[in-house]
Number of protein chains: 2
Amino acid sequence: MHSAVNPSISVDCVIFGFDGKDLMVLLIDLNRKNAANPSCREHKLPGSLILENEEIDAAANRTLLELTGLSDVYLRQFGVFSDPERIRKPEDLQWIADTYGVKVSRIVTITYYALVKIDKSILQPTVEGEVGWHRVQDIRNLAFDHKRILVNALELLTRQLLNEPIAFELLQKRFSVRQLQNLYEAILGFEIDNRNFRKKVLKFPFLKLLDEKEKLVSHKPARLYKFDKVAYEKEIKKSKLQLNFIRFF
Amino acid sequence: MHSAVNPSISVDCVIFGFDGKDLMVLLIDLNRKNAANPSCREHKLPGSLILENEEIDAAANRTLLELTGLSDVYLRQFGVFSDPERIRKPEDLQWIADTYGVKVSRIVTITYYALVKIDKSILQPTVEGEVGWHRVQDIRNLAFDHKRILVNALELLTRQLLNEPIAFELLQKRFSVRQLQNLYEAILGFEIDNRNFRKKVLKFPFLKLLDEKEKLVSHKPARLYKFDKVAYEKEIKKSKLQLNFIRFF
DNA sequence: ACAAAAGTGTTCTCGGTACACCCATGC
DNA sequence: GCATGGGTGTACCGAGAACACTTTTGT
């Protein structure tokens, strides 16, 4: 029984991507098969019951790998959803029974958010239904309590974006300052002064200027940068000692 | 079977208090009974398996209530520990079997940290062993993987202390600026300039000056303040719109 | 009157913000 | 040569940090 599933614990992953313009999230179309009923067409977050003897982080990574073909991505646990009634509709319970072949009563789910470079992910058609990217702002409702989970993930994402260099996980390896700014504006939802933004980010010692420029654009080509993780780690250590003061809002 | 325990999910609570001088944490003495073996005397964090049909937050609140007699306290989920080997010693497994009367194989634990006013908490002697406050800096090791959990909680606590007004959960309702500063210095681990600290915190519109002063001290008595939660919530809403800019370290 | 902690103001520096024009390329 | 977005500098303001003395009480 070394790969039996644990029927009471699952992971759900909010997988974010950025297409250069909008924040996207990867969803699974539940009603792909029975398209006979398109009115109740619903989507869900990718997720899975965990296996016995499997770390929960490992279960999240497994889910991600199965869906996108990516293995070395930013992944962060951010919540636990445990309402005994969170999966209550008979058809929801039926769907789970059909998918995993186990009878379940109550599932506690551990939630993760992942940041991937859309261009690198190779979507695998899965047995569960079709997987696809959706603009976050278009999403009205999701199956189970997944809308709540998404909203929570978004909140954390915006907070993290201001406090940690996670933007680079969503951009390609080489990027222009303008692309970085577009990402901030898309996620934060307001415009940022371009001159001040450059002044700020170009001061970061872990933003390395490359020799390359944009190609094939009908205007002045932008210079390209990359994020130097090693330099960032060094910077963190230096700054550990300094006094960052209280800021409650 | 409406109050059966779920044998694969538990909560563990890191309960912090402040005695005016040091940061304290509430621990359970595992070897209280068999004091015959004082060399392997170990402590653990308070925790419990969850019940079926119980929200995990509710399980954490239940644990807290049973131990301290307090019900309306600051409590925040901060992690999940799921290493299948996290409880591996035979005597650990035996202890759990004895305590809950269920056979367990692997337990995933959801961790919480709580902030309580030490003076208000009424410690209940429990069947599990003796409960007591310990100075955080004195703690060398704990049972299971609880040392790791404590370290994680401490990290989060210091981060939160700089970003949210949680200090007031650890102080008495009425407090002096000096007491507040002592708390910050104890948790952050460095000294803060008194003049700058006052200038900073007295600007907060949710810190309300009371009519009272300290009594029975053999020096100039300090003025007392209280934290006004309602005023704080208002302030938060106002500030939502303003641009807080990127600060990575 | 003395001990002990409370309470107070100024100067400097740095980082955030507002704001408008020239530059390099493709067509 | 013109359209398009890339790239640059300056002046103001507010907040953090460094720093030392006076005030109020109990004994």
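These numbers were taken from a predicted model, which means no experiment stands behind them. Numbers restart at 1 for each chain; the letters A, B, ... are given by sequence-line order, proteins then strands.
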Grab the [atom1]-[atom2] distance between [X] and [N] for me, whole Å please.
X	N	atom1	atom2	result
B:Asn194	D:dC21	CG	C1'	13 Å
A:Leu202	C:dG16	CG	P	13 Å
B:Phe190	D:dG16	CZ	C1'	13 Å
B:Glu191	C:dA5	CD	C1'	15 Å
A:Arg195	C:dT17	CZ	C1'	10 Å
B:Gln179	C:dA6	CD	C1'	13 Å
B:Phe197	C:dG9	CZ	C1'	19 Å
B:Leu224	C:dA5	CG	P	17 Å

Exercise for the section: Look at the side chain of A:Asn196 and the base of C:dA18, then say whether one donor and one acceptor between them are separated by less than 3.5 Å. Expected result: yes

Handout entry: Qualifying ring-ring contact (aromatic ring centres under 6.0 Å, His included) pairs with a residue from residues 56-80 of chain A, counting only residues at least two apart or across chains
Key = none

Practice task
Return no unless some side-chain N or O of A:Arg178 is found under 4.0 Å from OP1 or OP2 of D:dG6.
Solution key: yes

Practice task
Examine D:dG7: is either OP1 or OP2 under 4.0 Å from a nitrogen or oxygen in the side chain of A:Arg198? Give yes or no.
Solution key: yes

Practice task
Would you indicate which nucleotide in D:dG6, C:dT17, C:dT8 comes nearest to any side-chain atom of A:Lys199?
Solution key: C:dT17

Problem - Any donor-acceptor N or O pair under 3.5 Å, side chains B:Asn61, B:Tyr112 - result: no

Handout entry: Side chain proximity check, A:Arg148 to A:Arg86, heavy atoms < 4.5 angstrom
Key = no

Handout entry: Which residue lies more 5' along DNA chain C, comparing B:Ala222 with A:Lys203 via nearest heavy atoms
Key = B:Ala222

Problem - First encountered from the 5' end of DNA chain C, between B:Glu214 and A:Lys200 - result: B:Glu214

Practice task
Output all residues satisfying side-chain contact (heavy atoms from CB on, under 4.5 Å) with B:Val136, sequence neighbours left out; order by chain, then residue number.
Solution key: B:Phe16, B:Leu23, B:Val25, B:Leu154

Practice task
Just jot down the side-chain contact (heavy atoms from CB on, under 4.5 Å) partners of A:Glu212, sequence neighbours excluded, or say none.
Solution key: A:Arg174, A:Leu210, A:Leu224

Exercise for the section: Describe the nucleic acid contact of A:Arg223 in one word from base, sugar-phosphate, nothing, applying a heavy-atom distance below 4.0 Å. Expected result: sugar-phosphate

Fill in the blank from the handout: Residues at least two apart in sequence or cross-chain that pass side-chain hydrogen bond (donor to acceptor under 3.5 Å, both in side chains) with A:Gln181, listed by chain then number, are A:Glu185, A:Asn194

Problem - side-chain hydrogen bond (donor to acceptor under 3.5 Å, both in side chains) partners for B:Asp138, two or more places apart - result: B:Arg135

Within the sub-3.5 Å range, which N or O atoms of nucleotides 22-27 of chain C have a protein N or O partner, and how far apart are they?
{"unit_1": "C:dA24", "atom_1": "N3", "unit_2": "A:Lys220", "atom_2": "N", "d": "3.2"}

